[in-house]
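We name chains A, B, ... by the order of the sequence lines, and we start the count at 1 in each one. Everything numeric in this text was worked out from a predicted model, so none of it was measured. Values below: all heavy atoms of this structure, side chains included; hydrogens, waters and symmetry mates excluded.
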2 protein chains.
Amino acid sequence: MTLADVARLAGVHPATASRALNQVDGSGLVSPATVARVTAAANRLGYRPNPVARSLRTRRSHTVGVVIPDLANPLFPPVIRGIEDRLAEGGYVALLANTDDDPARERQLLERMRERHVDGLVLATVRRGTPEPAGPGEEDLPVVLVNRVAEDRALPAVAADDVSGIRLAVAHLVSLGHRRIGHVAGPQDLSTGAGRLRGFRLGMAEQGLEVGPTDVVVAERYQVAEGLRCARQLLAQRPRVTAIVAANDMLALGCYRALAEAGLACPQDCSVVGFNDMPFVDQLSPPLTSVRFDHYAMGREAAQLILERLATPGCPTKVVYLPPELVVRASTGPAPRGGLGAGGGGGRRRAD
Amino acid sequence: MTLADVARLAGVHPATASRALNQVDGSGLVSPATVARVTAAANRLGYRPNPVARSLRTRRSHTVGVVIPDLANPLFPPVIRGIEDRLAEGGYVALLANTDDDPARERQLLERMRERHVDGLVLATVRRGTPEPAGPGEEDLPVVLVNRVAEDRALPAVAADDVSGIRLAVAHLVSLGHRRIGHVAGPQDLSTGAGRLRGFRLGMAEQGLEVGPTDVVVAERYQVAEGLRCARQLLAQRPRVTAIVAANDMLALGCYRALAEAGLACPQDCSVVGFNDMPFVDQLSPPLTSVRFDHYAMGREAAQLILERLATPGCPTKVVYLPPELVVRASTGPAPRGGLGAGGGGGRRRAD
DNA sequence: GGCGCGGGTGCAGACGATTGCGGAAGACTG
DNA sequence: CAGTCTTCCGCAATCGTCTGCACCCGCGCC
């Protein structure tokens, strides 16, 4: 079942059959009658072009490398699905790779992808300070960033609007009467961690609140254990916080634990807000208030961008920000009376 | 950078270079001296064979199709990672596809995979009653099943030992004093659903307990909403159950909701056991007791099996069962006094 | 010394599709 | 009616690698 068979059945040369089948219709390289004959023959035979042979000749594999830190992070599956679905519509397939946040492993995986002749890359792994996100020699391969953006916006990217998202969270807490709000920040070498910290400072400023040096603790990784460590520290150095904005749901989980350790109830004693609205955070106890954005859409958009670059290599680099929204659940509640809130007068003071 | 360049540098014919590089060393087609010269040249040039050209010639793509219902199901990411890691060790890559449990979509995806000339398939989507798991004409492609097994064990597969796992759960509940135990069963057209129901009956029999017709409700899908529906029904038709064995963690989540609706506390009024020990079920409230098995290992083992079949096509079909273990958390507790348990005498009867 | 044998290489033809080039018609103009 | 242009199609090369076949050469044996 090759092109030659189709050509024979249609009574034309294989070259003509090829042109007939690949014709963007109308551009007169092949007569309409011939196109009809060939496509009819192809249909009758159920002909499917051999992508391997095609790739060899055209040097395009119709394959895109997708590099993420870890598939087991619940944030990524919906993103991957979005990428794959959109790529499939464009006739491409995704090649997945997990780096486990290990730069050495990442380099090795990118090398493998180059060997496989991927046509482009979608990277969810860039860090600030590694200016060549795709490694040396990648300049020819189209690259799109997802979830994280490049420091200088020099690369096309799709990500949530971290700053706005955190501002929503802060505004929500303030509207509940909170004034002493802490931030468990994400790793500052990631655009998300840095952006969300910026969003926190900005949001607080907008509400007329100051951010002191003890109001922020920076996590080294987006992990529950780090969230626990940071929240402990925050509670220690800032005992009267009534709310914590976590840079990420994982960190928020760590905050839950730290509060439980300290014998504080959430949200009665201290509210917590997360970011990402991962699957199942609505099943936690208490269900987590979190900043949501559409993960699947982020994936689709990233795929869209890489498809555009594949189609027209020189096109301008776009950076797309997805609008976040706050999903209010039970982990946030009114500020406890007795906090330093300007909301009400005195009231009962907590015992601690 | 092609084989011809290497050959030129080594002063041999490309054909010889090819043989030298592909030689399983020792089988004397090429002299050792030549092999040394060629490999040296290849290293010096950093030569990497073009997998596309190689595939075209050898008709092997070094690619394995991995078909799952839905990547967003937390069970699968670790499995996928196991598959990908083991495949990578064998020089293969995985091509992922999600069927969303839609047979039509599955057929279409399998067709795409055939077009892409995958060398084998790992399927997590087989249902009982579809004897041709991979569709017609798949007889030539090696297939391995994962998570679910074929009805007649005719296909190699890797899965948890569903029967043993559920028996562990039942034994645990009985040891806590439970006697009236219900089962929210999984879809019976899936081997997991059927196996776990069988395990439930067997486990109950082993404990000398009978399973009446109202003790089991069968879910149509592994979804929280279905779990809710079934648990509601179970509570209605069997009001005095003190424990529910769910065929799956999703269904267990539904049970949580049904209990909450009914004003019952877990585990004080009714214990719940899940299956799979999905990520984050330890963060639920209460943390879920669940039957665990090693998801990553399951993936690795499936990849191992497909690699074996790829290496020696005729090898006997193995079916591997992974040993399950019970992870006891806070969703299971002593049977409430006043149940029909044989454990103690009368005691306080619950008000309902 | 001639012949046979076998290990090691070179030659060239696939694999299946794409594409520059040129040629053969048909259309159209002067 | 001749010449030019357009349209459509066939020819053959090409992508990079593998592999059946033939060849060459050296060695051993009769």
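- Listed by chain and residue number, nothing satisfies the side-chain contact (heavy atoms from CB on, under 4.5 Å) test with Ala40(A) (two or more places apart in sequence, or in another chain).
- Residues passing the ring pair (Phe, Tyr, Trp, His ring centres under 6.0 Å) test with Phe76(A), sequence neighbours excluded: none.
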Under the side-chain contact (heavy atoms from CB on, under 4.5 Å) rule, what do Ile80(A) and Leu96(A) come out as? Steps first, then yes or no, please.
CA-CA 9 Å; Ile80(A) 304 285; Leu96(A) 210 57; 3.5 Å; yes
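- Under the side-chain contact (heavy atoms from CB on, under 4.5 Å) criterion, Arg37(A) pairs with Val12(A), Thr34(A), sequence neighbours left out.
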Where protein sits on nucleotides 21-27 of chain D, one letter per nucleotide: B base, S sugar-phosphate only, - none, heavy atoms under 4.0 Å:
-------
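- In this structure, the nucleotide among dT18(C), dC9(D), dT9(C) sitting nearest to the side chain of Ser18(A) is dT18(C).
- Nearest-nucleotide positions on DNA chain C place Ala33(B) closer to the 5' end than the other of Ala33(B) and Pro14(A).
- Rounded to whole angstrom, the span from the CZ atom of Arg48(A) across to the C1' atom of dG16(C) amounts to 16 Å.
- Remark: Leu56(A), Arg57(A), Arg59(A) in residues 53-62 of chain A come within less than 4.0 Å of DNA chain D through at least one heavy atom.
- Following rounding to the nearest Å, His13(B) (NE2) and dA12(C) (C1') show an atom-to-atom distance of 8 Å.
- Using a 4.5 Å heavy-atom threshold, the side chains of Ile83(A) and Asp85(A) count as separate.
- The distance between atom CG of Asn22(B) and atom P of dT17(D), rounded to the nearest whole Å, is 10 Å.
- Every residue two or more places apart in sequence or in another chain that forms a ring pair (Phe, Tyr, Trp, His ring centres under 6.0 Å) with Tyr92(B) is listed here: His62(B).
- Not a single ring pair (Phe, Tyr, Trp, His ring centres under 6.0 Å) links His117(B) to another residue, sequence neighbours left out.
- Under the rule for a salt bridge (charged side-chain N to carboxylate O under 4.0 Å, His left out), the partners of Arg221(A) that lie at least two apart in sequence or sit in another chain are Asp101(A).
- A heavy atom lying under 4.0 Å from DNA chain C marks the following residues of residues 2-10 of chain A, by number: Thr2(A), Leu3(A).
- Under the 3.5 Å distance criterion, the side-chain polar atoms of Thr39(A) are matched with a main-chain donor or acceptor of Val35(A).
- Going from atom CG of Asn50(A) over to atom P of dC15(C) covers 12 Å, rounded to whole Å.
- The backbone N or O of Asp100(A) sits nowhere less than 3.5 Å from a side-chain atom of Asn98(A) that would complete a donor-acceptor pair.
- Axis orientation changes by 60° from one end of the helix from dG1(C)-dC30(D) to dG30(C)-dC1(D) to the other, with each end axis drawn from 5 pairs and the value rounded to 10°.
- For Tyr296(A), the ring pair (Phe, Tyr, Trp, His ring centres under 6.0 Å) test picks out no residue, with sequence neighbours left out.
- Here dC11(C) is the nucleotide among dT18(C), dC11(C), dA17(C) with the atom lying nearest to any side-chain atom of Ala15(B).
- Every side-chain contact (heavy atoms from CB on, under 4.5 Å) that Ser61(B) has, sequence neighbours left out, goes to Ser55(B), Thr63(B), Asp119(B).
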